[in-house]
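A short write-up of the structure that comes next.
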Amino acid sequence: MRVLLIRHGQTPHNVSGALDTAFPGAGLTALGAAQALAVPGALLDEDIAGIYASRLVRTQLTAAPLADARRLEVRVRDGLEEVSAGELELRSDDEARHAYAGCVAGWMCGDLDRGMPGGPTGRDFFLRFDAALRAIAKDHDSDDTIAVFSHGAAIRAYVALAADLDPQAATGLTIMNTGSGLLVGHPDSGWNLARWSSDPLGGPELRDLRADDITGESAQEATGEQ
């Protein structure tokens, strides 16, 4: 199975640096909408059998142009949401951002018992995201390609753990809005990271280098640990 994990388009909080992880979450900026519209053209060569999104509105808005182009429905699945910020929700101060990024970095390095302040442990996060992908896999053949629209920290953390990445490589991953990773394998047999693209699927011209995008930054950059 081939799973395209695609980050949602830009939101206002991706610009301001606030930790927006709760339901229903913000919508897309004008750039975010343009990023979403560029996804179908970028995936023309992919034979996509299913399109899935988290419960947060920004993933569904990003998935909609691809669904329209392929005449498929966007299936909303619980468990694909962003890493919960817990008590840090909607904060944008350095202390909160460092605590969030440091916790995600710890998970990537194997400390799954570490808990987000007022939020989940790494084990909690991994089990709920993995369960969502397992449920999706049951609906598809083993050679299908599926598109899963999720979130920056969630995609980075899950890929790091599911594909057993080296901690240095894992904490160095960045993913801009509509950046993506391709996992090949199956929840039962394990995953390999076949491709990673930090840039938007529509190309580097859709980047916003001025955005204060904490959930898309590498854990190394966000924590100041290189």
Side-chain angles (χ1 to χ4, degrees), residues 2-21 24-43 46 48 51-67 74 76-77 79-85 100-101 104 108 125 129 132-133 136 146-163 165 170-183 191 193-209 211-219 221-222:
R2 301 171 77 252
V3 178
L4 282 162
L5 291 170
I6 304 167
R7 191 185 177 200
H8 59 80
Q10 187 188 68
T11 74
H13 290 125
N14 296 150
V15 178
S16 68
L19 292 164
D20 173 22
T21 68
L28 302 180
T29 63
L31 176 60
Q35 291 167 337
L37 287 172
V39 170
L43 298 181
E46 295 286 357
I48 295 172
I51 300 174
Y52 297 83
S54 78
R55 294 186 305 115
L56 303 187
V57 66
R58 55 190 179 268
T59 59
Q60 297 166 48
L61 292 172
T62 308
L66 179 63
V74 178
V76 176
R77 286 296 172 94
L80 299 174
E81 290 73 41
E82 180 61 290
V83 172
S84 172
Y100 184 89
V104 174
M108 290 176 168
F125 160 75
F129 202 100
L133 287 188
I136 290 170
I146 58 174
V148 174
F149 288 81
S150 186
H151 304 264
I155 292 172
R156 291 186 293 113
Y158 183 77
V159 165
L161 295 169
L165 298 187
T171 56
L173 290 176
T174 64
I175 187 166
M176 294 185 176
N177 295 108
T178 65
S180 63
L182 173 63
L183 290 177
W191 298 106
L193 180 61
R195 186 172 72 234
W196 184 266
S197 176
S198 297
D199 279 338
L201 279 172
E205 64 272 15
L206 290 173
R207 295 182 296 180
D208 183 356
L209 298 180
D212 192 5
D213 186 10
I214 183 65
T215 52
E217 291 180 353
S218 75
E221 183 178 5

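Computed from a predicted model, the values in this text were never measured in an experiment.
Partners of Ala157 under the side-chain contact (heavy atoms from CB on, under 4.5 Å) rule, at least two apart in sequence or in another chain, are Val104, Phe125.
Side-chain atoms of Thr174 do not come within 3.5 Å of backbone N or O of Ser198 as any donor-acceptor pair. Side-chain atoms of Glu81 come within 3.5 Å of backbone atoms of Arg55 as a donor-acceptor pair (strictly under, hydrogens ignored). The backbone N or O of Leu80 lies less than 3.5 Å from a partner atom in the side chain of Ser150, making a donor-acceptor pair. Proximity of a side-chain donor or acceptor of Asn14 to a complementary backbone N or O of Asn177 within less than 3.5 Å is not detected. Gln60 places no side-chain N or O within 3.5 Å of a backbone atom of Val74 that could act as its donor or acceptor partner. Without hydrogens or angle criteria, Tyr52 side chain to Leu133 main chain gives no donor-acceptor distance under 3.5 Å.
Looking only at side-chain heavy atoms (C-beta outward), Leu183 and Leu193 come within less than 4.5 Å of each other. Under the 4.5 Å side-chain criterion, counting only non-hydrogen atoms from C-beta, Leu209 is in contact with Met176. Side-chain contact between Ile175 and Leu173: absent, with no pair of heavy atoms (C-beta onward) separated by less than 4.5 Å. Taking 4.5 Å as the limit, every side-chain heavy atom of Thr178 sits out of range of all side-chain heavy atoms of Leu206. Looking at heavy atoms from C-beta onward, Phe129 lies out of side-chain contact with Leu161 at the 4.5 angstrom threshold. Side-chain contact between Arg207 and Asp199 is present, with heavy atoms from C-beta onward closer than 4.5 Å. At a threshold of 4.5 Å between non-hydrogen side-chain atoms, the residues Thr59 and His151 count as touching.
In this structure, the separation between NE2 on His13 and OG1 on Thr215 is 11.5 Å, given to the nearest 0.5 Å. Distance check, rounded to the nearest 0.5 Å: CG of Leu66 to CZ of Phe149 gives 5.0 Å. Atom-to-atom distance recorded for Leu61:CG and Leu28:CG is 5.0 Å, nearest 0.5 angstrom. Leu182 contributes atom CG, which lies 11.0 Å from atom CH2 of Trp196 (distance to the nearest 0.5 angstrom). A distance of 12.0 Å separates CD1 of Ile51 from OG1 of Thr62, quoted to the nearest 0.5 Å. Atoms CD1 and CD1, on Ile48 and Ile146 in that order, are 10.0 Å from each other to the nearest 0.5 Å.
The shortest non-hydrogen separation linking Leu165 to Ala170 is CB-CB, 4.1 Å. For the residue pair Ala153 and Tyr100, the shortest heavy atom distance occurs at CB-OH, 3.6 Å. Residues Val57 and Gly25 come closest through the heavy atom pair CG1-O, 3.4 Å. Heavy atoms only, all atoms of each residue included: Gly27 and Pro12 are closest at O-CD, 3.4 Å. Residues Ala101 and Ala219 approach most closely at O-CB, 4.3 Å, considering heavy atoms. Contact record, Ala211 with Gln10: CB-NE2, 4.0 Å, taken as the closest heavy-atom pair.
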Evaluate salt bridge (Lys or Arg N to Asp or Glu O under 4.0 Å) for Arg195 paired with Glu46, printing each intermediate quantity in order. CA-CA 14 Å; Arg195 186 172 72 234; Glu46 295 286 357; 3.5 Å; yes
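When each of Glu82, Arg58, Gln35 is paired with His8, the side-chain hydrogen bond (donor to acceptor under 3.5 Å, both in side chains) condition holds for Arg58 and for no other.
Within the structure, salt bridge (Lys or Arg N to Asp or Glu O under 4.0 Å) contacts touching residues 5-18 (residues at least two apart or in different chains) are Arg7-Asp213.
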